[in-house]
Amino acid sequence: MENIRVLVRVRPLNYRETHLGANSCVTTTNNSIILDNKKEYNYDHVLGINSTQEQVFDKIGMSTLESFLNGLNCCIFAYGQTGAGKTYTMQGKGLDDLKNDEIHLGLQPRLIQKLFLDLPKENTCSIKCTYLEIYNEQLIDLLNDAKPQTLTIREDSKRVYVENLTEIAVSSYNDVLSLLQRGINNRHVSATQMNLESSRSHSVFTIQFEQRTKGMYTRRSKLNFVDLAGSERQKLTAATGERLKEAANINKSLTVLGLVINSLAENPKRFIPYRDSKLTFLLRESLGGNSKTVMIATISEASSSFQETLGTLKFASRAKNIRNQAIVNEEVGGNLESLKAEIKRLKNELQQQNSNSEIFPKKQKEVELISQISSLNSQLNESELFQEQLSKELKQMKEYYESRIVELEEHNEQNNESIKIDHSNRDLLLQQAIEIQRELRHKNEILNQRILELSQEDTILKHRRNEQQLIITQLEQTLQEVQKDKELLIAEMENQQSIIEKYENQLDTFQEDKSQQVQELENKIAELNDQLQLYKDQMDTDAQTIEFQSDEISRLQQEIEQIKVELENLQSNFNSLQEQSKDKENLIQEQVKELIKYRKLSNVKSKKFLKSLKVLKKEKENYHNLEIRQLDFLQELNQQMELEQTIPTNQSIQVAVKQKFENIQNLLNNEIQMTMQLNKEKENYINLYNETQRFLDNISKENDVLKLELEKNKVNKEAVQKYMQLKDEFMYQKEKLGKFLDSFDIINQKLIMKENEIIKLKSELKLEQTQRAKALEEIDKLRTAKIELSNTKNELQQTIQQMQMNIQNELDEIKQKKLSDNVLFLQKANQKLNADLSALQKCYKQLLDEKEIMQKKYEEKLIYSVDFNKMRKDINITNQIKEQLEKKEKDYQSLLKEMELLDEFFKSINVKRFCNSQTLNEGSTSEKVKQYFQYLNQCEQEFEFRQYQLRTNLQLLNIEQASCNMIKEENRMLKMQLKQ
Ligand SMILES: Nc1ncnc2c1ncn2[C@@H]1O[C@H](COP(=O)(O)OP(=O)(O)OP(=O)(O)O)[C@@H](O)[C@H]1O
């Protein structure tokens with residue numbers, strides 16, 4: 001019996017407590033705590049605020065591990081106020097996110113790490129883990145990610161267990177760590193005012209350790225790590241709603257735990273209310289049962305938590321008084337019922353496994369099944385060997401007893417013979433024979449019984465062997481199914497791998513295509529960009545030209561405007577000139593009228609002129625000169641006319657001027673005619689001459705005017721020319737403008753076309769860009785898909801690798817380590833067995849030799865009793881003899897009496913002989929007495945000789961017995977070796 005060990009750990013003030021102005025209210029020594037109220041509490045271990053995780057492991061981890069490995073059930077549970085450091089002490093910090101710092105590594109991972117380091121080298125053990133939590137009085141499997149279902153606690157004659165709880169076989173520290181992380185992630189944790197990551201449930205992580213010791217002995221031990229939810233005051237935690245319900249349930253189960261601990265501490269024999277809560281029911285063995293239990297009580301040094309600390313310390317003190325009795329859980333394997341139960345359990349597991357789609361546990365189950373099958377196989381092999389050994393033993397014993405019977409028969413016969421031979425000693429021999437016969441009968445009975453027992457054992461063993469064979473075939477079938485499953489899985493995996501490879505190839509080709517497409521698109525885009533650039537450049541130059549041309553247009557428009565203004569001016573000038581020419585026309589008309597008047601007047605005057613012709617004759621020369629001058633003037637006029645005709649003037653002016661000049665010419669012709677007439681009338685016309693002179697003066701004046709007019713006309717002509725030039729220029733510019741406008745339109749159209757093209761290209765580009773974006777998206781998607789695929793592939797590969805590793809490692813390690821290694825082990829064992837077998841064979845040979853010797857002996861002895869039946873017959877005969885002997889016994893009895901009488905007589909005779917010898921010596925002996933004495937002496941010698949013979953026979957028997965014992969010992973040794 002051993003008390004629960006208690007370790008108290010004090011947590012330093014945290015930020016919140018410091019912030020709220022709390023002080024330390026705890027003083028610690030190595031194994032005591034002194035509170036502010038000066039009360040001292042003593043425990044097995046006390047760790048102060050500066051304690052490390054390593055110290056916790058050193059204090060309780062090492063010893064617990066040692067006990068656990070030695071086959072004792074162990075339990076470590078952490079109790080304390082919420083936020084006092086239970087989880088920190090048990091698990092450590094950051095265990096759930098793989099960032100675990102070595103320093104903060106808790107007791108649990110440290111112990112597991114050490115466990116795998118300390119495991120026995122021979123592959124004779126298996127480790128399984130379970131992880132559950134009790135949340136709101138419901139049991140939840142933390143290792144079953146698929147469907148969180150509540151579990152039920154069951155109890156059988158041996159143990160309390162949780163039905164359908166996931167058990168996972170582990171082979172390394174990392175395996176356990178990942179299970180822990182898996183469970184921690186599934187656990188109910190919430191933030192409360194007291195702790196940001198407060199455990200809202202009690203968690204129980206169990207490691208089951210099974211170790212096969214020598215032969216068929218199996219040690220099974222369990223190690224529970226119980227991280228209790230924190231005891232808390234609702235006021236302090238300010239819990240409401242769901243948190244309040246959780247807190248109520250936590251406090252309720254902790255109260256029951258307290259009651260159980262109180263009851264156990266006070267009187268463990270009275271009723272203990274284990275069943276009042278799931279926690280206490282589950283931990284029944286750890287509290288007052290078959291377990292080495294350690295309690296870790298965590299407290300805060302804060303004065304604000306004084307009441308909670310006091311409560312925890314009192315609780316720990318009570319727990320310290322609980323006494324447990326841990327025993328090594330070792331049992332002999334190979335029990336048929338247990339094997340059957342195991343097979344049933346395995347079948348159930350297999351069924352469960354089949355219904356379970358998860359590959360990993362399936363594999364584990366498979367591995368477990370294989371290992372269990374192999375262990376069953378080995379057990380069966382062992383039992384077979386054992387059976388073989390037993391049958392050998394039986395055979396040997398049979399042989400031995402047969403030989404013994406023969407020997408005894410021989411003895412009997414010898415005795416009988418000796419009885420026959422020596423009638424005189426027959427009574428003695430008869431007695432010996434009776435004894436030997438009795439012994440023989442007894443031994444025979446024993447032998448028969450043993451034979452019966454052995455045959456019964458044999459039938460049982462055969463039956464058992466058949467059953468085991470059946471189990472093995474069933475298991476082999478299961479194994480085959482499992483292997484088929486495995487093959488199917490492998491095929492599926494290979495299929496998946498090929499699909500993945502196919503996908504990968506497709507992806508690669510698709511990627512290549514896409515990258516080619518992208519490349520093409522990029523090239524096209526680059527080309528389009530170049531074209532666009534070119535168009536842009538062209539557009540820029542076009543825009544520049546347009547700008548320039550628009551400048552030019554505006555300049556030309558300005559010029560046109562100016563020309564228009566000038567034209568308007570010219571038009572107005574022209575209009576004024578027209579008006580002037582009209583005026584001149586009127587003037588010429590007036591002059592023509594005047595001329596007509598003047599002609600009338602001259603007609604009138606001609607008469608007068610004729611009269612004065614004579615006067616005129618004189619003046620003829622002058623007139624002739626005048627005529628020449630007039631001709632010159634006419635020529636000049638004609639020239640002017642011609643000139644005027646060449647000048648594109650107003651038609652009406654020209655016509656008017658022409659008419660005027662024609663008129664003037666006609667007039668002049670008329671005048672010439674008239675002059676001619678006047679020549680005749682020259683003299684008459686001298687006056688007229690004067691008048692004409694005046695007229696001519698007038699005409700010269702008019703000519704001057706006309707000259708001026710002509711000059712003016714010249715100016716007009718220049719203006720007209722300029723106008724025409726300007727017009728031409730205008731027309732040219734207009735034409736140019738038109739052309740330019742046409743080209744502008746063409747350019748515009750081109751530009752529009754280009755713009756359309758650009759828009760088209762832009763839309764194409766956009767399309768391409770969207771396509772490209774889509775393609776890029778697709779590529780991205782594909783990349784992500786590829787990454788996902790590659791991740792999946794990697795995962796799958798990892799899973800495959802892991803599975804393969806698991807299969808290889810666990811099939812090659814467990815199957816080939818446990819199976820292969822077991823097989824190896826078995827092979828080794830087989831080799832050993834073979835060696836043993838060869839040794840046995842040698843022994844067997846030896847035994848055979850011995851048997852041969854024995855047989856020889858037997859044969860030798862068969863000379864005496866040919867066979868067992870004969871021997872039996874002999875026995876019957878012996879029995880008959882016995883009967884005879886019994887008859888003779890009576891005679892013998894009477895003889896004995898006679899002997900006694902004789903003895904007495906001998907004694908008396910001896911006395912007498914002594915006396916007589918003395919008397920003989922004295923020379924007074926009769927011859928008859930002497931002879932009688934001689935005979936007696938002979939009988940005595942004979943008797944002694946028989947006695948000696950019997951003694952030697954007895955010694956021989958003892959030697960035989962010793963050799964038998966030796967053989968037995970050897971057999972036992974061999975059996976032991978076989979068992980090993
Ligand atoms: N000995 C210690 N040294 C330093 N920090 C500690 C110690 N013990 C606990 N802590 C810190 O205190 C906080 C609360 O600890 P923890 O979660 O282990 O408390 P708990 O008792 O498990 O609480 P609950 O019952 O609410 O789950 C954590 O941040 C932890 O790191």
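Numbering of ligands and ligand atoms starts at 1, following listing order. The basis for the numbers below is simple: all heavy atoms, side chains too, and nothing from hydrogens, waters or symmetry mates. Position 1 is the first residue of the sequence; numbering continues from there.
- Under a 4.0 Å criterion applied to the non-hydrogen atoms of Arg9, ligand 1 contributes the atoms 1 (N).
- Proximity of Gln81 to ligand 1, defined as any heavy-atom pair under 4.0 Å, is confined to the backbone N, CA, C and O atoms.
- Ligand 1 has a nitrogen or oxygen under 3.5 angstrom from a nitrogen or oxygen of Thr82.
- Inspection of the Ser32 and Glu40 side chains reveals an N or O donor paired with an N or O acceptor under 3.5 Å.
- For Glu137, the CD atom is densely surrounded, since the number of other residues' heavy atoms within 6.0 Å is greater than 12.
- Polar contact check, Ala229 against ligand 1: no nitrogen or oxygen pair lies under 3.5 Å apart.
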Take Lys292 and Glu2 through the salt bridge (Lys or Arg N to Asp or Glu O under 4.0 Å) test and state the conclusion after the steps.
CA-CA 8 Å; Lys292 260 182 106 101; Glu2 192 185 73; 3.1 Å; yes
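- For the pair Arg11/Thr298, no side-chain contact is recorded, criterion being any heavy-atom separation below 4.5 Å from C-beta on.
- Selection from Pro12, Gly83, Gly230 by nearest heavy atom to atom 23 (O) of ligand 1 gives Gly83.
- The distance from atom CD1 of Ile140 to atom CG of Leu165, rounded to the nearest 0.5 Å, is 12.0 Å.
- For the residue pair Tyr131/Thr166, the side-chain donor-acceptor check at 3.5 Å is not satisfied.
- Across the listed options Asn50, Leu47, Thr87, Thr87 owns the non-hydrogen atom lying nearest to atom 22 (O) of ligand 1.
- Polar contact check, Thr298 against ligand 1: no nitrogen or oxygen pair lies under 3.5 Å apart.
- In terms of polar-atom proximity, Thr89 is not counted as a contact of ligand 1, lacking any N or O under 3.5 Å from an N or O of the ligand.
- Ser291 and Asn324 are not linked by any side-chain donor-acceptor pair at a separation below 3.5 angstrom, with hydrogens and angles left out of the test.
- Considering both main-chain and side-chain atoms, Val10 never comes within under 3.5 Å of ligand 1 through any nitrogen or oxygen pair.
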